[in-house]
Protein chains: 2
Amino acid sequence: MTHAMPAITISLMVDAVKWVKNPDGTHEVHLLDQRALPVRTEFFVCRDHDDMAKGIRDMVVRGAPAIGISAAFGVALGAQSFLRKSLQDAFVPYMEDVSSILAGTRPTAVNLFWAIQRMRPFWEKGSRQTAPEITEGLFKEAQRIKEEDIHLNRRMGGHGQELIRDGSTILTHCNAGALATGGYGTALGVIRAAVEAGKTIRVFADETRPYLQGARLTAYELVEDGIPTTLITDGMAASLMAMKKIDAVIVGADRVTANGDVANKIGTYGLAVLAKAHGIPFYVAVPFSTIDFDMSSGSQIPIEQRSPDEVTHIGPGVRIAPEGVSVYNPAFDVTPADLVTALITEKGVFKPSELRSKAF
Amino acid sequence: MTHAMPAITISLMVDAVKWVKNPDGTHEVHLLDQRALPVRTEFFVCRDHDDMAKGIRDMVVRGAPAIGISAAFGVALGAQSFLRKSLQDAFVPYMEDVSSILAGTRPTAVNLFWAIQRMRPFWEKGSRQTAPEITEGLFKEAQRIKEEDIHLNRRMGGHGQELIRDGSTILTHCNAGALATGGYGTALGVIRAAVEAGKTIRVFADETRPYLQGARLTAYELVEDGIPTTLITDGMAASLMAMKKIDAVIVGADRVTANGDVANKIGTYGLAVLAKAHGIPFYVAVPFSTIDFDMSSGSQIPIEQRSPDEVTHIGPGVRIAPEGVSVYNPAFDVTPADLVTALITEKGVFKPSELRSKAF
């Protein structure tokens, strides 16, 4: 055998947001229920925009790009239910309501608002299209957003993997993988691209309390892909850094502001401070749809506060804290740009300070 | 009402390690089962040293000072079972075995070895005492260790609370409270002493994955005492520091070496780095029995690796990670002395560099 080993191609099993056309011509969107993973594979079927709003709000689907894709499909489902219910209201005000219901689900991920805006021209302008034609157009546009996202993630991965030396060990936090995107992933996309380029990569995955996206989702994706992955609790990262066992940290983001500040899953900021203290590069992998050029700095980003139950209970029923204790449960924190070594985007790798000049 | 408000006295409800004499003259030691707290109050009854070794190994009791006290009672229970079983072996070699079984339970907390050593003179030297007299003496010595520990904790609290300004918000990690000691606590003892001195103190308690000692035990103790406490996940501490909501960090320790390096619950080192980066004082509250003057630096401390199940499951049955993922689960990390603002001990408050001169 004299052939060079071919670069590995990773085939993704998971599809977080799937458009399904029924034989009767109606549309559904099937969300892979990320609350049940990795123990059970279940789907949450959305038939209208209210189903989708519930799916986003209750974190059936999560991850900034996947939230954007889901919201786009939510707009399309809204148009479909207008048709099915033969509502008497005018279509445009109705679609304003649909958009605002979807926009009210989660406040931090900017892709949500970006995707809803992107759907607007398809229903807003009085056109010669019939309502069924508009609905069909909306589903196709949502699917286009999803496919573009996968394409962007692969380009992002290609740029980002050049930063990763063969034999590296990468720490990641939360889930910025196929489950958080159209497929492939942002932070995990960079890791996948490095593996596809033939590099040997090991991953430490923070479990990411309280919602355990690292334990439940990142570990699941990477085990499925056969990428060697070690699960740790969030408090273990620092001592691994001190032992020089981490070569780089790569995370995704829910919103990046024009100055390069990064809102991402709670715990990200602490990792960035620790990475700097240990001389470890800290990368953020984001598509441009996650960059909010209308905000000048991270202090303006609204941070979602979630239910105390996520901290006091594991799963639906296991109480782990006493009655009567107060809980603080912000879903995100903000990492200042000066702690970010580079942003990995579909347009290339930039320093946060270079971002504004790339707003083309 | 013109009386000045009296200083508050906190009465402790919890007794982690309780010596019980039965009507028939036999002794038992009842461990408050910390695995079941805060949901259930159960006791783990130890009738011999094997019971106690299991109780320590399985974390029915935990916390360096409480482990030491428990091991001392374990030695006494060993002597009792020698008597009860009318063993033919010689008493002294038998007690060597008992001591080594107890010493093999957990490797990091130095109080374990310290307490077992302290019991040695009571059984080692051939004396004129009968075996029942020796056994009685051993139980009394174990109880003395426990009562001394409570006394030391109160003195430590008195010294430590002088560092805490009225109105402070304290962050603590793991449980260094009444449950981890004879009573009152080390880190929580400082907080209790500040409250007893009439200061208004608020506490943020890290939940402390994987074993959740913060959520289950610290939150429980402080809620019982009526001290305002907010539970957070371990990844939230950094963003609270950035928002200037933390005035000081206080933790306990499992072993402090002669140079002032601190082994404590995994996650402590990261907090110390974060505290330094934010200009927040980082205090370690320890009795001298936790200081190992035979070790010159923290790199010599054996770090216990625990079961992957603690990370992949919550409680006995709830799986939170996929099959096939690797897990790294060290119970402790080492914080270098230069990140420790001061050690709070029963002999006063010292800089880590002053420690060696205090080895009297």
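Naming convention: chains lettered A, B, ... in sequence-line order (proteins, then strands); numbering from 1 in each chain.
No side-chain donor-acceptor contact under 3.5 Å links Glu310(A) to the backbone of Arg306(A). Between the side chain of Asp261(B) and the backbone N or O of Ser297(B) there is no donor-acceptor pair closer than 3.5 Å.
Expressed to the nearest 0.5 Å, how far CG of Leu222(B) lies from OG1 of Thr229(B) amounts to 4.0 Å. To the nearest 0.5 angstrom, Asp234(B) atom CG is 11.5 Å from Thr208(A) atom OG1.
Note on Ala277(A), Ser326(A), Pro336(A), Gly267(A): by heavy-atom pairs under 4.5 Å with chain B, the leading option is Ser326(A). Ranked by heavy-atom pairs under 4.5 Å with chain B, the list His278(A), Met236(A), Arg319(A), Arg216(A) is led by Met236(A). Across Val334(A), Ile266(A), Asp333(A), the residue that shares the most heavy-atom pairs under 4.5 angstrom with chain B is Ile266(A). Of the listed residues Pro308(A), Pro322(A), Gly270(A), the one with more heavy-atom pairs under 4.5 angstrom with chain B than any other is Pro322(A). Of the listed residues (Ala205(A), Pro228(A), Pro210(A), Gly324(A)), the one with the most heavy-atom contacts under 4.5 Å to chain B is Pro210(A).
Both the backbone and the side chain of Val327(B) come within less than 4.5 Å of a heavy atom in chain A. Using a 4.5 Å cut-off between heavy atoms, Met243(B) contacts chain A through its side chain alone, with no backbone atom that close. Using a 4.5 Å cut-off between heavy atoms, Val311(A) contacts chain B through both its backbone and its side chain. Within the 4.5 angstrom heavy-atom criterion, only side-chain atoms of Val223(B), from C-beta onward, approach chain A. Residue Leu240(B) touches chain A through its side chain alone, counting heavy-atom pairs closer than 4.5 Å.
A cation-pi contact, defined as under 6.0 Å to the ring centre and within 45° of the axis, links Lys265(A) to Phe332(A). With Phe282(B) as the aromatic partner, Lys276(B) does not meet the cation-pi criteria of under 6.0 angstrom to the ring centre and within 45 degrees of the ring axis.
Counting only N and O atoms by type, the side chains of Asp254(A) and Thr108(A) include no donor and acceptor under 3.5 Å apart.
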